[in-house]
Amino acid sequence: MKTITARAPGKLMLLGEHAVVYGYPCIVTTVGLYVSATVTLTNDHRLTISTPNLRHQKITFQKPLDEIGQDLSVETAFAEAAVAQILARAAAPTGLLVHTDGPTLSYGLGSSSAVTVAVAAACAHALGLNLTNRELFDLAYAAVLAAQGKGSGFDIAAAIYGGTIWFETAGKAIEPLICPELPFLIGYSGAKVSTRRFVDGVAQLRQRQPTHIERIFQQISELTKDARSALTNQEWQRLGDLLDLNQGLLDSLGVNTPPLARLIFAAREAGALGAKLSGAGGGDCMFALSQPADRQAIMAAINHHGQWIDLPLGVPGVQITVDDHTYNTPNRSPRSAE
Ligand code: MEV
């Protein structure tokens, strides 16, 4: 029996987080932190998911096939939701065994989206669904909404298309950005937080202060548009200013924390041209824009206040391996959504 494995990368949000949940654009790049999903067809009429938990222990979860997608269990919610989306479109299998693997401590760099994409891609292939990247995006994004309730889908797009992309809410636009260099250093604050909690917090603030928050989102959107050309043209000083301005607006949304702020200020003091948090905030990661001469000093500053994370950026998106043969899903190049 064939075993299908798919692997998908994590992401680093560069600009536009939070605003992208409300119809504005963001810029995201992938990080070489891959999650894999291996799918085997079985005959036990059950879905079995085995996955490492945050304490590095393998946990196993089982459900009858006809109950998949109901009452998602916390630790396997994204994988199960991905299977449910595929089963809604494929001929019902006689049973499915799904093993996921990858970094158990994800630093908020997108392991939930990577697991969703890897499981969806591997299951689709195992069940004979030949999905384009766009179709895979729509299915995996629906799975994230089922598991998490809210989200723009930018992390799903990054895990599928790879590289660096311009993204608009729910995949209205998914466009590749040609970035000859991505001179960013990532710092981890030491605290892993729930994206949902901070997305909900911003939603509540927006309800209390609709006019002001909308203006902040519009301003984040303007900075993100400006940053697109600064990044692709390698205008680092201009990009650094835009990152710092974006950080100021994120502070006004209340998503920064003292450990993240310490990392951001330390990186700037060590010579970074700009530094900001990445993602939902509340903890997790930041990144700094560094010129070669300042790299060592910025890395040391990050390590003094947190942890420098050494990962390649702009790596390829989802890949499927069938019996040792690896290939990409069709229409691999990102493009505007049709
Ligand atoms: C979280 O990594 C980024 C947010 O913009 C949420 C989302 O876009 O789904 C806060």
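Both ligands and their constituent atoms are indexed starting at 1 by order of listing. Residue indices begin at 1 and follow the sequence shown.
- No side-chain N or O of Asp101 forms a donor-acceptor pair with one of Ser36 less than 3.5 Å apart.
- Remark: Asp71 CG is loosely packed, at most 12 non-hydrogen atoms of other residues, nucleotides or ligands lying under 6.0 Å away.
- Short contacts between ligand 1 and Val20, defined as distances under 4.0 Å to a heavy atom of the residue, involve ligand atoms 5 (O), 8 (O).
- Using modelled atom types, one finds a donor on one side chain and an acceptor on the other under 3.5 Å when comparing Gln247 with Asp251.
- Arg238 and Ser229 form a side-chain donor-acceptor contact under 3.5 Å, judged by distance and modelled atom types alone.
- Residue contact check: Glu17 has heavy atoms under 4.0 Å from atoms 5 (O) of ligand 1.
- Of all protein heavy atoms, the one closest to atom 3 (C) of ligand 1 is Phe154 CE2, 3.6 Å.
- Contacts of Phe198 with ligand 1, taken as heavy-atom pairs under 4.0 Å, are absent altogether.
- Between Gln148 and ligand 1, no N or O atom pair is found at a separation short of 3.5 Å.
- Annotation: atom 6 (C) of ligand 1 to nearest protein heavy atom, Val21 CG2, 3.7 Å.
- With a 6.0 Å radius and a threshold of 12 heavy atoms from other residues, nucleotides or ligands, Gln62 has its CD atom above the threshold.
- Scanning the protein for heavy atoms near atom 1 (C) of ligand 1, the closest one is Ala280 N, 3.4 Å.
- A side-chain N or O of Gln85 and one of Arg89 form a donor-acceptor pair less than 3.5 Å apart.
- Atom 4 (C) of ligand 1 has His18 N, 3.9 Å as its closest protein atom, hydrogens excluded (heavy atom only).
- Close contacts of ligand 1 with Gly151, meaning ligand atoms under 4.0 Å from a residue heavy atom, involve 9 (O).
- Annotation: side chain of Leu87 is not in contact with side chain of Leu47 (no heavy-atom distance under 4.5 Å).
- Atom 9 (O) of ligand 1 has as its closest protein heavy atom Ser152 N, 2.8 Å.
- A heavy-atom distance below 4.5 Å is not found between the side chains of Cys285 and Leu263.
- Close to ligand 1: Lys11, with a non-hydrogen atom less than 4.0 angstrom away.
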